[in-house]
> 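The structure's right below; bear with me while I get my questions together.
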Amino acid sequence: MPELPEVETVVRGLQRVLPGRRILDVRLGKTDFIDDPAALAKNLPGRRIARVRRHGKFIVVELEGGGAGAVSSSLLIHLGMTGQIIFCAPDAPIAPHTHVFFALDDAREMRYTDIRRFGQMRLLVNGAQDSALGALGLDPLEATETEFSARVGGRSARVKALLLDQHVLRGMGNIYTDESLWRARIHPRRLGATLSRVELHELFRAIRQALTEAIRLRGSSVSDYVDAEGMRGEYQFRHRVYQREGQKCFRCKTRICREVVAGRSSYFCPRCQPAPRAPRKKFRQAKRS
DNA sequence: CTTACGGCCTGGGTGC
DNA sequence: TGCACCCAGGCCGTAA
């Protein structure tokens, strides 16, 4: 499941091949995950790709303008859980769940496959950029510690929910949230506002370290994630808690626990990451005395 | 406004 | 062999 490090890895791969290429043709399969399929087919053919960048978990393919040279529109791609971008010859066999084909002027085809179709594709024209991407929060690798502490420490929601909230920080998903909280020794059910200055500092550092290390290892391939070159990542071998329920904590040997927090499976060490004092009243009372 | 939660989308994996 | 069920990430509606 592509989160910031995986998307960053894919984008770096795309940056090596896409800038300067012209899109000759677009063919569509299933389009229920595309905002306006007709707009893609109508506007993309003939356009040249200026550059590729990442915005949170979005891949932004910026297209050259109609002639003025200014970037006027962008193709936004979100990989969801199972989205993949692959390059191949136009006559190469079509992998199952391939839904978009971009014919390029280097005699290759860029294809988008997505088993679950939880991904998203959208063409942003002119000023639309800001409204669509502007609502997202800070990039965890660009934010300062002060900004981060204000965003997370000033909220009363669970820290797990805050880190997953793309309007707070853009790019974190379940894996890197859990890995960061373990590194910082913070329980996922802790509330943002109860975190001490030191804890916020540790969490900020932990997030940066986890993401940076994961990018260096080209992301985590937990299911079928591969980058734009078809390579698997290697950060899954460095996971300390994610999907390690019942296995020993790398720090203290305590068994890793799994609990649903903020609607997501959350993995943590019950000893390194002590639970907050007063758990939710509801659950307290629900427990038979 | 903020937060919590359930439901929805889809299909591969699991377990009976 | 089949099949019900769970789960994943993001988003949206609803309720407190």
Side-chain angles (χ1 to χ4, degrees), chain A residues 1-8 10 29-35 37 54-60 76-84 95-100 112-122 131-137 140 150-181 187-195 211 214 219-226 232-233 236 239 241-246 257-267 276 278-286:
Chain A
M1 33 225 70
E3 302 180 20
L4 190 152
E6 290 77 30
V7 178
E8 178 66 26
V10 170
K30 288 187 181 176
T31 58
D32 55 358
F33 64 99
I34 303 176
D35 204 40
R54 177 184 62 77
H55 191 85
K57 297 181 199 174
F58 283 93
I59 298 166
V60 184
L76 232 59
I77 303 172
H78 194 298
L79 299 175
M81 287 182 62
T82 54
Q84 288 183 4
H97 308 292
T98 303
H99 304 303
V100 188
Y112 178 78
T113 71
D114 192 344
I115 296 171
R116 298 280 196 280
R117 303 205 302 284
F118 282 9
Q120 194 182 329
M121 207 173 282
R122 186 169 43 181
S131 58
L133 298 180
L136 296 181
R151 291 256 176 161
V152 175
R155 301 278 298 270
S156 65
R158 296 164 184 149
V159 63
K160 169 90 181 189
L162 293 172
L163 297 186
L164 286 175
D165 187 343
Q166 302 299 298
H167 301 284
V168 177
L169 292 177
R170 58 178 196 252
M172 303 278 289
N174 213 28
I175 296 175
Y176 298 100
T177 294
D178 282 2
E179 293 298 317
S180 300
L181 288 170
H187 192 285
R189 229 184 321 106
R190 292 281 303 279
L191 308 184
T194 68
L195 298 177
L211 294 177
S220 303
S221 287
V222 292
S223 52
D224 48 7
Y225 162 78
V226 292
R232 289 172 61 82
Q236 66 274 20
H239 290 175
V241 283
Y242 185 73
Q243 288 189 341
R244 292 194 66 246
E245 181 180 17
C257 289
R258 187 188 81 96
E259 186 181 311
V260 174
V261 180
R264 289 280 166 264
S265 278
S266 301
Y267 300 89
R280 332 225 52 234
K281 280 188 245 146
K282 223 160 89 181
F283 296 157
R284 260 275 159 89
Q285 291 167 350

> Out of C/dG9, B/dT2, B/dG11, which has the shortest distance to the side chain of A/Asn174?
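Closest of the options to the side chain of A/Asn174: C/dG9.
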> Could you check how far CD of A/Gln243 sits from P of C/dC7, rounded to whole Å?
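A/Gln243 atom CD is separated from C/dC7 atom P by 12 Å.
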> Quick check: on DNA chain C, is the nucleotide nearest A/Arg258 upstream (toward 5') of the one nearest A/Pro2, or the reverse? Name the residue that is more 5'.
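Its nucleotide being nearer the 5' end, the pick is A/Arg258.
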> Determine the contact category for A/Ser265: base if any of its heavy atoms lies under 4.0 Å from a base atom, sugar-phosphate if only primed atoms, P, OP1 or OP2 are that close, otherwise nothing.
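Sugar-phosphate, backbone atoms only, no base.
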> A/Arg264 side chain N/O closer than 4.0 Å to the phosphate oxygens (OP1, OP2) of C/dA8?
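The answer is no; no side-chain N or O of A/Arg264 sits under 4.0 Å from OP1 or OP2.
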> Starting at atom NE2 of A/His99, determine the distance to atom C1' of B/dC9, rounded to an integer number of angstrom.
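One finds 13 Å between C1' of B/dC9 and NE2 of A/His99, rounded.
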> What distance do A/Leu211 atom CG and A/Met172 atom CE have between them, rounded to the nearest 0.5 Å?
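One finds 5.5 Å between CG of A/Leu211 and CE of A/Met172.
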> Is the phosphate of B/dG12 approached by A/His97 (side-chain N or O, under 4.0 Å from OP1 or OP2)?
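Answer yes for this pair, as a side-chain N or O of A/His97 is under 4.0 Å from OP1 or OP2.
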> Between A/Thr82 and A/Arg116, is any side-chain donor less than 3.5 angstrom from a side-chain acceptor?
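No - no donor-acceptor pair under 3.5 Å links their side chains.
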> Separation of A/Arg116 atom CZ from C/dA8 atom P, in whole Å?
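So the CZ-P distance, A/Arg116 to C/dA8, works out to 11 Å.
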> For the atom pair CD1 (A/Ile34) and CZ (A/Arg122), what is the distance rounded to the nearest 0.5 Å?
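Between atom CD1 of A/Ile34 and atom CZ of A/Arg122 there are 12.5 Å.
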> If I take atom OG1 from residue A/Thr177 and atom OH from residue A/Tyr242, how far apart are they, to the nearest 0.5 angstrom?
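Spacing of OG1 (A/Thr177) from OH (A/Tyr242) equals 10.5 Å.
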> Using the six-membered base ring of C/dG9, report whether A/Phe118 stacks on it, requiring centroids under 5.5 Å and planes under 30° apart.
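One would call A/Phe118 stacked on the C/dG9 base.
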> Send over the distance from A/Asp32 CG to C/dC11 P, rounded to a whole Å.
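Spelled out: CG on A/Asp32 to P on C/dC11 is 16 Å.
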> Would you say A/Arg117 reaches B/dG11's phosphate, i.e. side-chain N/O to OP1/OP2 under 4.0 Å?
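It does, given that an N or O in the side chain of A/Arg117 lies less than 4.0 Å from OP1 or OP2 of B/dG11.
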> Checking contacts here: which listed nucleotide (B/dT10, B/dA4, C/dG9) is nearest the side-chain heavy atoms of A/Arg158?
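My answer, after comparing the listed nucleotides, is B/dA4.
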> Could you tell me the separation between the CG atom of A/Leu79 and the C1' atom of C/dG9, rounded to a whole number of Å?
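Distance check: A/Leu79 CG to C/dG9 C1' gives 12 Å.
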> Using atom CD of A/Gln84 as one end and atom P of B/dG12 as the other, report the distance to the nearest whole Å.
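These atoms are roughly 13 Å apart.
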> Picking from B/dG11, C/dG9, C/dC11, which would you name as closest to the side chain of A/Lys30?
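Selected nucleotide: B/dG11.
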> Could you tell me how far apart A/Leu162 (CG) and B/dC1 (P) are, to the nearest whole angstrom?
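Roughly 18 Å, once rounded to whole Å.
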> Could you tell me the separation between the CG atom of A/Asp35 and the P atom of C/dC11, rounded to a whole number of Å?
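Checked: the CG to P distance equals 12 Å.
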> Picking from A/Arg258, A/Arg244, A/Lys160, A/Arg264, what satisfies salt bridge (charged side-chain N to carboxylate O under 4.0 Å, His left out) with A/Asp178?
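When A/Arg258, A/Arg244, A/Lys160, A/Arg264 are each tested with A/Asp178, the salt bridge (charged side-chain N to carboxylate O under 4.0 Å, His left out) holds only for A/Lys160.
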